[in-house]
Amino acid sequence: MKIIVTGGAGFIGSNFVYYELKNSNDEIICYDKLTYAGNLETLKDAENNPNYKFIRGSISNRERVYRLFEEEKPDIIVNFAAESHVDRSIEDPELFLRTNIIGTSVLLDACKKYGIKRFHQVSTDEVYGDLPLDRPDLFFTEKTNLHTSSPYSASKASADLIVQAYQRTYQIPATISRCSNNYGPYHFPEKLIPLMIINALNNKKLPVYGTGENVRDWLYVEDHCSAIDLIIRKGKVGEIYNVGGHNEKTNLHVVKTILKILGKSEDLIEFVTDRKGHDRRYAIDPTKIETELGWTPKTKFDDGIKMTVDWYLKNKDWWEKIISGEYQDYYEKMYGNR
Ligand code: NAD
Ligand code: DAU
């Protein structure tokens, strides 16, 4: 089969490309616009694999996407391509609407025009909004109402609704997964875990938003990839699958764990102005994917976080190139006067 992985030069998409090249015999095409978050260095170990090809282009460019379908005749689309950072969405919502909503609808139009065996939308638990901190008994299930907080999550929820509309109206064989926070190799250093590892390594302050009590439900990226792989091969058309491994941690716990692994002082922690509209707690109930598809996550947080810190220690070249470029301007804008 031929699988097009949109956004495959980003964090989770690239891990998925490697997962498929290792675990399947399928042809994998990475289709990516290469925004600030896309990086061909990340995919250099795939370049010589005969089952792999990279094509540059935007999911929002209709002509380009139609040409991609005409030339490649894919069997499966896995749509990772998105603007993914909540803080950036608060600064510039429109870009998120264009990429995440219009881009998804262009891909669906192409599926309608040329046919597809499966369209899989990589969505997020953020479409459910947040849960209170004092109700550890509550979890997001697939039946939880959509209730978004940020322009990013609103754009992802809108995309989910478009996918469901195309599935019902035009019988596009679509599935959706909603996963919790991922971490692992090739995570762009604007996000919590890589930002904190890199700042600690550089003895820079670690900017914790608000009180640091917000909770995220962390999943090692390879476990997310195995879930998507199962869904595209065995998942039922029209279904939504929540993905998460019951690894809820406060941000402060995550930051302190990183400092401990690196043998650095907690004095590096600096509490800064909170994120606007900051979601309090995410927590996924993964019962459906576990019982219906037999998925189980392999990596526990305590192991995954050590593996991740180790990866950043061994791959300084990868992140040093990123933080020496336009990332500097981003960092100054977001944290300079915070
Ligand atoms: P990322 O920002 O690291 O990567 C996004 C990729 O999409 C980049 O390679 C970028 O170049 C590409 N891209 C952006 N706009 C594009 C366009 N118009 N056309 C083609 N490519 C484009 O993101 P990520 O963290 O890897 O997230 C991937 C997907 O998974 C997103 O859809 C995100 O909503 C979802 N998700 C992420 C997490 C997480 O914790 N990171 C959790 C659940 C779901
Ligand atoms: O839950 C899935 C989502 O997880 C994905 O859909 C998003 O694409 C992904 O970016 C992620 O969103 P978050 O907003 O949860 O991730 P982020 O790494 O930006 O922040 C994690 C938590 O850490 C959040 O509570 C904000 C806090 N934070 C973040 C940064 C960057 C800080 O305290 N300081 C920081 O500098």
Side-chain angles (χ1 to χ4, degrees), residues 5-16 30-40 42-43 55-61 64-65 78-90 95-96 98-100 102-104 106-107 121-128 130 140 149-150 152-153 155-156 159-160 177-184 186-196 199 205-219 221 224 228 243-244 249-252 254-255 269-275 277-284 331 334-335 338:
V5 179
T6 68
F11 164 46
I12 311 175
S14 60
N15 277 283
F16 185 74
C30 169
Y31 179 77
D32 198 297
K33 184 181 176 185
L34 298 181
T35 66
Y36 79 93
N39 187 349
L40 284 184
T42 300
L43 290 164
I55 297 175
R56 186 169 190 182
S58 169
I59 57 166
S60 314
N61 182 336
R64 184 70 194 85
V65 168
V78 184
N79 183 28
F80 290 93
E83 289 295 334
S84 71
H85 192 34
V86 173
D87 291 328
R88 287 186 193 252
S89 83
I90 294 167
L95 175 61
F96 283 68
R98 274 192 270 120
T99 299
N100 300 358
I102 302 298
T104 302
V106 168
L107 288 174
Q121 176 71 359
V122 182
S123 185
T124 167
D125 62 355
E126 296 201 17
V127 300
Y128 299 122
D130 64 352
F140 298 136
S149 313
S150 69
Y152 162 70
S153 55
S155 70
K156 293 294 289 185
D160 285 9
S177 53
R178 293 178 178 156
C179 189
S180 59
N181 286 61
N182 285 211
Y183 67 105
Y186 303 116
H187 204 179
F188 194 85
E190 67 190 348
K191 307 284 168 60
L192 179 80
I193 288 183
L195 186 142
M196 297 299 168
N199 278 19
K205 290 286 185 191
L206 308 196
V208 173
Y209 298 167
T211 58
E213 285 161 317
N214 304 61
V215 170
R216 295 294 181 266
D217 185 358
W218 294 97
L219 185 72
V221 63
H224 187 187
I228 294 172
V243 184
K249 310 281 171 208
T250 65
N251 293 339
L252 205 50
V254 171
V255 171
I269 294 173
E270 181 175 55
F271 292 96
V272 301
T273 311
D274 210 352
R275 172 183 280 173
H278 199 170
D279 279 339
R280 292 160 297 174
R281 170 176 169 249
Y282 302 147
I284 281 278
Y331 199 89
M334 299 307 248
Y335 298 96
R338 196 159 189 151

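When a ligand or atom number is given, it counts from 1 through the structure's own listing order.
Counting protein heavy atoms only, atom 34 (N) of ligand 2 is closest to P207 O, 2.8 Å. Distance from atom 2 (O) of ligand 1 to its nearest protein heavy atom, with residue and atom name: S84 OG, 2.7 Å. Looking only at heavy atoms of the protein, atom 42 (C) of ligand 1 is closest to S180 O, 3.4 Å. Ranking the protein heavy atoms by distance from atom 9 (O) of ligand 1 puts D32 OD2, 2.6 Å first. The protein non-hydrogen atom at the shortest distance from atom 16 (O) of ligand 2 is N181 ND2, 3.5 Å. Among protein heavy atoms, atom 43 (C) of ligand 1 sits closest to C179 O, 3.4 Å. Taking atom 19 (N) of ligand 1 as the reference point, the nearest protein heavy-atom neighbour is I59 N, 2.9 Å. The shortest contact between atom 27 (O) of ligand 1 and any protein heavy atom is with I12 CD1, 3.9 Å. Nearest non-hydrogen protein atom to atom 1 (O) of ligand 2 is D125 OD1, 2.5 Å. Nearest protein heavy-atom neighbour of atom 18 (N) of ligand 1: S58 OG, 3.1 Å. Nearest to atom 28 (C) of ligand 1 among the protein's heavy atoms is F80 O, 3.5 Å. Of the protein's non-hydrogen atoms, Y335 OH, 2.6 Å is the one closest to atom 36 (O) of ligand 2.
Residue S14 places no heavy atom under 4.0 Å from ligand 1. Judged by the shortest distance from any of its heavy atoms, H278 lies inside the 4.0 Å radius around the atoms of ligand 2.
The side-chain tip of R88 points at the ring of Y36 from less than 6.0 angstrom away and within 45° of straight on.
Residues P207 and N199 are in side-chain contact: their nearest non-hydrogen atoms beyond the backbone lie under 4.5 Å apart.
Listed by number with element, the atoms of ligand 1 under 4.0 angstrom from any heavy atom of G7 are 6 (C), 7 (O), 9 (O), 12 (C). Annotation for ligand 2: atoms under 4.0 Å from non-hydrogen atoms of Y152 are 5 (C), 6 (O), 7 (C), 8 (O). Within the listing of ligand 2, atoms 19 (O) sit less than 4.0 angstrom from a heavy atom of H85. Below 4.0 Å from some heavy atom of T124 lie the following atoms of ligand 2, by number and element: 1 (O), 2 (C), 3 (C), 5 (C), 6 (O). Contact atoms of ligand 2 toward Y282: 1 (O), 15 (O) (distance under 4.0 Å to a heavy atom of the residue).
By heavy-atom distance, the residue among R281, K191, R275, E83 lying nearest atom 19 (O) of ligand 2 is R275. Looking at S84, A82, S180, G10, it is S84 that brings a heavy atom closest to atom 10 (O) of ligand 2.
Between N39 and ligand 1, a contact under 3.5 Å exists for no N or O pair. Between N182 and ligand 1, an N or O atom pair is found at a separation short of 3.5 Å. The N/O atoms of R216, backbone and side chain alike, include one that comes under 3.5 Å of an N/O atom in ligand 2. The shortest N or O to N or O distance between Y209 and ligand 2 is under 3.5 Å. Between T35 and ligand 1, a contact under 3.5 Å exists for at least one N or O pair. Considering backbone and side-chain N/O of L192, one or more are found under 3.5 Å from N/O of ligand 2. Distances between N or O atoms of H224 and those of ligand 1 include no value under 3.5 Å.
F80 meets the ring pair (Phe, Tyr, Trp, His ring centres under 6.0 Å) test with F16; sequence neighbours excluded. Partners of Y209 under the ring pair (Phe, Tyr, Trp, His ring centres under 6.0 Å) rule, at least two apart in sequence or in another chain, do not exist in this structure.
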Yes or no on side-chain contact (heavy atoms from CB on, under 4.5 Å) for D279 and R216, after CA distance, side-chain angles and deciding distance?
CA-CA 9 Å; D279 279 339; R216 295 294 181 266; 3.8 Å; yes
Between R178 and E126, does the salt bridge (Lys or Arg N to Asp or Glu O under 4.0 Å) criterion hold? Intermediate values first, please.
CA-CA 8 Å; R178 293 178 178 156; E126 296 201 17; over 6 Å; no
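Side-chain atoms of D125 and S180 include no donor-acceptor pair closer than 3.5 Å.
If you look at N251 next to ligand 2, the close heavy atoms, those under 4.0 Å, all belong to the side chain. Of the heavy atoms in E126, only side-chain atoms (C-beta onward) come closer than 4.0 Å to ligand 2. Contacts between Y152 and ligand 1 below 4.0 angstrom, taking non-hydrogen atoms only, involve the side chain exclusively. With a 4.0 Å cut-off on non-hydrogen atoms, R178 does not touch ligand 1 at all. Only backbone heavy atoms of L34 (N, CA, C or O) come within less than 4.0 Å of ligand 1; its side chain stays farther off. At a heavy-atom cutoff of 4.0 Å, ligand 2 is contacted by the side chain of V86 but not by its backbone. At a heavy-atom cutoff of 4.0 Å, ligand 1 is contacted by both the backbone and the side chain of F11. Residue contacts with ligand 2, taken as heavy atom pairs separated by less than 4.0 Å, involve E190 solely via the backbone atoms N, CA, C and O.
From K33, atom NZ reaches atom CD of E83 across 7.0 Å, with rounding to the nearest 0.5 Å.
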